[in-house]
Amino acid sequence: MAATALVWQPQDGGLSEICALLEQQISPSSVVDKSQIWKQLQHFSQFPDFNNYLVFILVRAEGKSVEVRQAAGLLLKNNLRGAYPSMSQENQKYIKSELLPCLGAVDRNIRTTVGTIISVIVHIEGVSGWPELLPALVTCLDSNDLNHMDGAMDALSKICEDIPHVLDSEVPGLAERPINIFLPRLYQFFQSPHASLRKLALGSVNQYIIIMPAALYHSMDKYLQGLFVLANDPVAEVRKLVCAAFVHLTEVIPSSIEPHLRNVMEYMLQVNKDPDEDVALEACEFWSAYCDAQLPPENLKELLPRLIPVLLSNMAYADDDESLLDAEEDESQPDRDQDLKPRFHTSRLHGSDDFDDDDDDSFNVWNLRKCSAAAIDVLSNVFGDEILPALMPLIQAKLSTSGDEAWKEREAAVLALGAIAEGCINGLYPHLSEIVAFLLPLLDDKFPLIRSISCWTLSRFGKYLIQESGNPKGYEQFEKVLMGLLHRLLDTNKRVQEAACSAFATLEEDAAEELVPHLGVILQHLMCAFGKYQRRNLRIVYDAIGTLADSVREELNKPAYLEILMPPLVAKWQQLSNSDKDLFPLLECFTSISQALGVGFVPFAQPVFQRCMDIIQLQQLAKVDPASAGAQYDREFIVCSLDLLSGLAEGLGSGIESLVSQSNLRDVLLKCCMDEAPDVRQSAFALMGDLARVFPVYLQPRLLEFLEIASKQLTANLIRENLSVANNACWAIGELAVKVRQEVSPIVTNVVSSLGLILQHGEDVNKSLVENSAITLGRLAWIRPDLVAAHMEHFMKPWCTALSMVRDDIEKEDAFRGLCAVVKVNPSGGVSSLVFICKAIASWNEIRSEDVQNEVSQVLNGYKHMLGNSWTECFSALDPPVKERLARYQA
């Protein structure tokens, strides 16, 4: 027994072997085979006390270099993440007991490594699993010894950053929550003479703004006093944290700063000019946060004449901005791999598209220039034309500067014009033709960044130009902008190509059918760009071609246009392998083209269909056996291919039959509907619904399986990533139901109860899912009113509310057939919701289908006879516009 109480000791041989490996691992020499060393270290990891050696080296190997000791610590941290829970208690205890005395190590690198390991252990077992930790931290913080205070503060700051809630929880054996013990000490450190302690303490408290524990809420005055003390700290990182604190407080609990609002705003204005760009950037975030928090706008309005010049001067490129280097890149220089940003395909979605779709800026480094432009954009949306008197003279002055050295000023002025294009359009509209006339020559400026920003700014005014294209002068300007952007597509500078192509895609969306007379010249320019662009910009051309197809639809289906468009795309299609990621944007592009061309896509349909099938099956194999597939699994191939198949179904209609009838698409699709990845399921159910519309008989052999899998998506935990899946599954069930009629019966009861729940909690899900639920519920009610009517009282009110939001179309007609059918089966079940039924009926502008109109009329008159005097009461309680609309049905 006595033997187990002995403290663990390393063996000299093992110790020196591990130290030697660590020395080789960190050596810069290229002779050393790092993968072999890694393998040996992994081999040692299998010994139960390997991590004891690592902590021993970190804490006690005084004779070794700090770099070796740190390497041991970092390896220990990574090992503990996976292995800690399965380690023996003795070894866990040994490691923890060695770490605590080292909090005050003389070398800061050792202290910070110890702090990182402590936060990893706390992450795994909380503070209750390590009763010695909190007292040790408190002792160090109160010690007045800089090394001990700094080490404890470092560990504490990492706990606050990674797992803040552990300090705001009850701990067995402690009279109060740990945050109550630490917060007063952190406030005290705000006044420390040591910058490192001020910074760590403030950073730690800032982590709690989001979760706002009672301790912080009740000591808010003390916190704010501390922030004002640190506001002009000589250390930039501390000032940056002060700004971050004010921004987060404004976002999370704006009432806390309201008593001090003027002081905070004055301070933020002052530090928005801080010589340190990171501090100025953090301060600049405040203006958007202020507007979002709906704090009193008049306070901000008074500040505008002083704030706007600061924002505008911060919009000029900084001398060290990476974009200045990028701007030098000529098209002859090949793209590097790091130039290719990761791309994200958005799976197909049926319904009102109200999911967040953040446009992603092509150069994603957030900096003071972009933040200032975003602030001007937000201010222009809040104050509209009221910002113009402070802003326009400055923009005009900057635009009129001449000389090469002032190009950044001119560029910033063009950026500002683009930023206010939407918010201040009322004030700018009378001057639109002058603004455009001024911007057009800048498309040929000698400075590439002026050419690129002018493309963007012109695209921001695009939709207003199109409104003016009805008059000859407006149309002439629209044509000039169109041609100006097309010429810039063929610029030799990569950055300008990118800006022109993105701007042109925006113009396409706004202009739609206005583009038709220019289709020939547009296609020639796009395909010329397609031939000369490098890989990164090629993706944007695909996007512009796809957007063009979406905008002009069947107008594209003319032999002369297809002759320009299709051969280069088909050549590229044949050149890329089934596992080449450059296929993604091409698949997306073909999806738009196939939908636009409809039957015009028939000549290309067979090879495209077969290739999609091959890609999906290759990926399904790669998922289980990458070696025999000869490719690594990447589900985006499946998602893009499913979406292109949906595009084919939509474009070819029943013509899809010749492609799918001999294929194994049905089994492949069913497998995709059961995939664990939400985006694969989302696209699979979109295709299921598209096939249901145009060729339902194909799904027949496995119909019930499709229906059951789709209905399961509606009961799933409807967190954000599953919402879109549920949305498409719900839509697909409705599409299938109207085609196969009675064959949906087995799933009706379950689906109706799920849809009822979704409608009752409509505020927790998105608009699209609510609308699709209302329509599918109606379609099922139309087919099996007997099964639906029994439950109607549970969901009648939210169902009618949702139906009144759906736009007039054939889907809404189907839903109302169902509404009328259930009311006929169970009229008393609708009495308590009669006002809601009336409002839903009144939401129609016009019911085109005569039989639906008759059904609706019968329902209203049925209630009128059934209720007698109560009907008059109910009718008089309705709003006048509702009564007026119901009068059409002789009710």
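Given the structure is predicted, the values throughout are model-derived calculations rather than measurements.
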Is Ser773 close to Val770 at the side-chain level, that is, under 4.5 Å between some pair of heavy atoms?
-> no
Test log, rule salt bridge (charged side-chain N to carboxylate O under 4.0 Å, His left out), inputs Glu813 and Arg848 = CA-CA 9 Å; Glu813 284 180 5; Arg848 296 228 168 133; over 6 Å; no
Would you kindly say whether Glu498 and Asn537 are connected by a side-chain donor-acceptor distance under 3.5 Å?
-> no
Answer whether the closest heavy-atom distance between the side chains of Val247 and Met268 falls below 4.5 Å.
-> yes
Under 3.5 Å, side-chain donor or acceptor atoms of residues 288-295 against the rest of the protein: list the pairs with distances, not counting sequence neighbours.
unit_1 : atom_1 : unit_2 : atom_2 : d
Tyr290 : OH     : Pro296 : O      : 2.6

Apply salt bridge (charged side-chain N to carboxylate O under 4.0 Å, His left out) to Glu476 and list each qualifying residue two or more places apart in sequence or on a separate chain.
-> Lys480
Donor-acceptor pair between Asn845 and Arg885 side chains, under 3.5 angstrom | yes
Look at the side chain of Thr547 and the backbone N and O of Ala505, then say whether any donor-acceptor pair between them is shorter than 3.5 Å.
-> no
Give every residue pair that meets the salt bridge (charged side-chain N to carboxylate O under 4.0 Å, His left out) criterion with at least one member in residues 447-462, sequence neighbours excluded.
-> Asp377-Arg460, Arg451-Asp491
Let me check something: any side-chain donor-acceptor pairs from residues 412-437 under 3.5 Å, sequence neighbours excluded? List them with distances.
unit_1 : atom_1 : unit_2 : atom_2 : d
Glu422 : OE2    : Lys463 : NZ     : 3.0
Tyr429 : OH     : Gln467 : OE1    : 3.4
Tyr429 : OH     : Glu468 : OE2    : 2.8

With the side chain counted from C-beta on, respond yes when Gln497 and Leu489 share a heavy-atom pair under 4.5 Å apart, and no when they do not.
-> no
For Asn493 and Pro448, which heavy atoms make the closest approach, and how far apart are they?
-> ND2-CB, 3.5 Å
Kindly check if the number of other-residue, nucleotide or ligand heavy atoms within 6.0 Å of NZ (Lys839) is above 12?
-> no
List the steps, then state whether side-chain contact (heavy atoms from CB on, under 4.5 Å) holds for Lys494 with Arg536.
-> CA-CA 9 Å; Lys494 285 188 194 178; Arg536 186 177 79 184; 5.5 Å; no
Please determine, by modelled atom types, if Ser592 and Asp550 share a side-chain donor-acceptor pair under 3.5 angstrom.
-> yes
Calculate, to the nearest 0.5 Å, the distance between atoms CZ and CZ belonging to Phe504 and Arg488 respectively.
-> 14.5 Å
Closest approach of Cys730 and Thr776, non-hydrogen atoms and distance?
-> O-OG1, 2.8 Å
Atom pair CG/CG of Leu565 and Leu597 - distance to nearest 0.5 Å | 7.5 Å
Working to the nearest 0.5 Å, report the span between CD1 of Ile841 and SG of Cys800.
-> 8.0 Å
Using the test ring-ring contact (aromatic ring centres under 6.0 Å, His included), find all partners of Trp456 that sit at least two apart in sequence or belong to another chain.
-> none
With sequence neighbours excluded, tell me which residues meet side chain to side chain donor-acceptor pair (under 3.5 Å) with Thr250.
-> none
Determine whether more than 12 heavy atoms belonging to other residues, nucleotides or ligands lie under 6.0 Å from atom NZ of Lys301.
-> no
Ignoring hydrogens and geometry, is there a side-chain-to-backbone donor-acceptor pair from Ser843 to Ala840 under 3.5 Å?
-> yes
Flag side-chain contact, heavy atom, 4.5 Å: Ile395 against Met392 = yes
Under a 4.5 Å cut-off applied to non-hydrogen side-chain atoms, are Leu587 and Asp643 in contact?
-> no
In terms of heavy-atom contacts, Glu514 and Ile466 come closest through CG-CG2, 4.0 Å
Evaluate the side-chain proximity of Cys455 to Leu485: yes if any heavy-atom separation is below 4.5 Å, no if none is.
-> yes
To the nearest 0.5 Å, what is the distance between OG (Ser724) and CD (Gln682)?
-> 4.0 Å
Pairwise side-chain contact, Phe590 with Leu569, heavy-atom cut-off 4.5 Å (strictly under) = yes
Enter the distance from Leu458:CG to Thr506:OG1 here, rounded to the nearest 0.5 Å.
-> 11.5 Å
Distance from Leu399 atom CG to Leu442 atom CG, nearest 0.5 Å?
-> 7.5 Å
Ser804 (side chain) donor-acceptor with Thr801 (main chain) under 3.5 angstrom = yes
Pair Cys284-Asn314, side-chain contact (heavy atoms from CB on, under 4.5 Å): steps then yes or no = CA-CA 10 Å; Cys284 191; Asn314 283 343; 5.8 Å; no
Do Phe604 and Ile593 touch side chain to side chain, with heavy atoms closer than 4.5 Å?
-> no
Ser400 side-chain N/O to Ala397 backbone N/O, donor-acceptor pair under 3.5 Å | yes
Could you walk me through whether Ser646 and Asp690 pass side chain to side chain donor-acceptor pair (under 3.5 Å), step by step?
-> CA-CA 6 Å; Ser646 276; Asp690 283 318; 3.2 Å; yes
Quick one: ring-ring contact (aromatic ring centres under 6.0 Å, His included) partners of Tyr561, sequence neighbours excluded?
-> none
Glu563 atom CD, over 12 foreign heavy atoms within 6.0 Å | no
Check whether the ring centres of Phe530 and Tyr542 lie less than 6.0 Å apart, and answer yes or no.
-> yes
Might you work through the side chain to side chain donor-acceptor pair (under 3.5 Å) test for Glu285 and Trp366, ending with a clear yes or no?
-> CA-CA 11 Å; Glu285 300 283 3; Trp366 189 242; 2.8 Å; yes
Salt bridge (charged side-chain N to carboxylate O under 4.0 Å, His left out) with Asp385: which residues, sequence neighbours excluded?
-> none
Is Lys446 salt-bridged to Asp404, going by a charged N under 4.0 Å from an acidic O?
-> yes
Residues at least two apart in sequence or cross-chain that pass salt bridge (charged side-chain N to carboxylate O under 4.0 Å, His left out) with Lys572, listed by chain then number, are none
Glu411: partners by side chain to side chain donor-acceptor pair (under 3.5 Å), with sequence neighbours left out = Arg369
Are Leu769 and Asn766 close enough, and set up right, to give a side-chain contact (heavy atoms from CB on, under 4.5 Å), and what steps lead you there?
-> CA-CA 6 Å; Leu769 178 55; Asn766 60 310; 3.5 Å; yes
Without placing hydrogens or testing angles, list every side-chain donor-acceptor pair under 3.5 Å for residues 516-526, not counting sequence neighbours.
unit_1 : atom_1 : unit_2 : atom_2 : d
His518 : NE2    : Tyr475 : OH     : 3.1
His525 : ND1    : Val521 : O      : 2.9

Examine the side chains of Trp407 and Asp445 and answer whether a donor and an acceptor come within less than 3.5 Å of each other.
-> no
side-chain contact (heavy atoms from CB on, under 4.5 Å) between Trp287 and Leu311, intermediate numbers included | CA-CA 10 Å; Trp287 312 113; Leu311 293 174; 4.2 Å; yes
Residues passing the salt bridge (charged side-chain N to carboxylate O under 4.0 Å, His left out) test with Lys398, sequence neighbours excluded, are Glu409
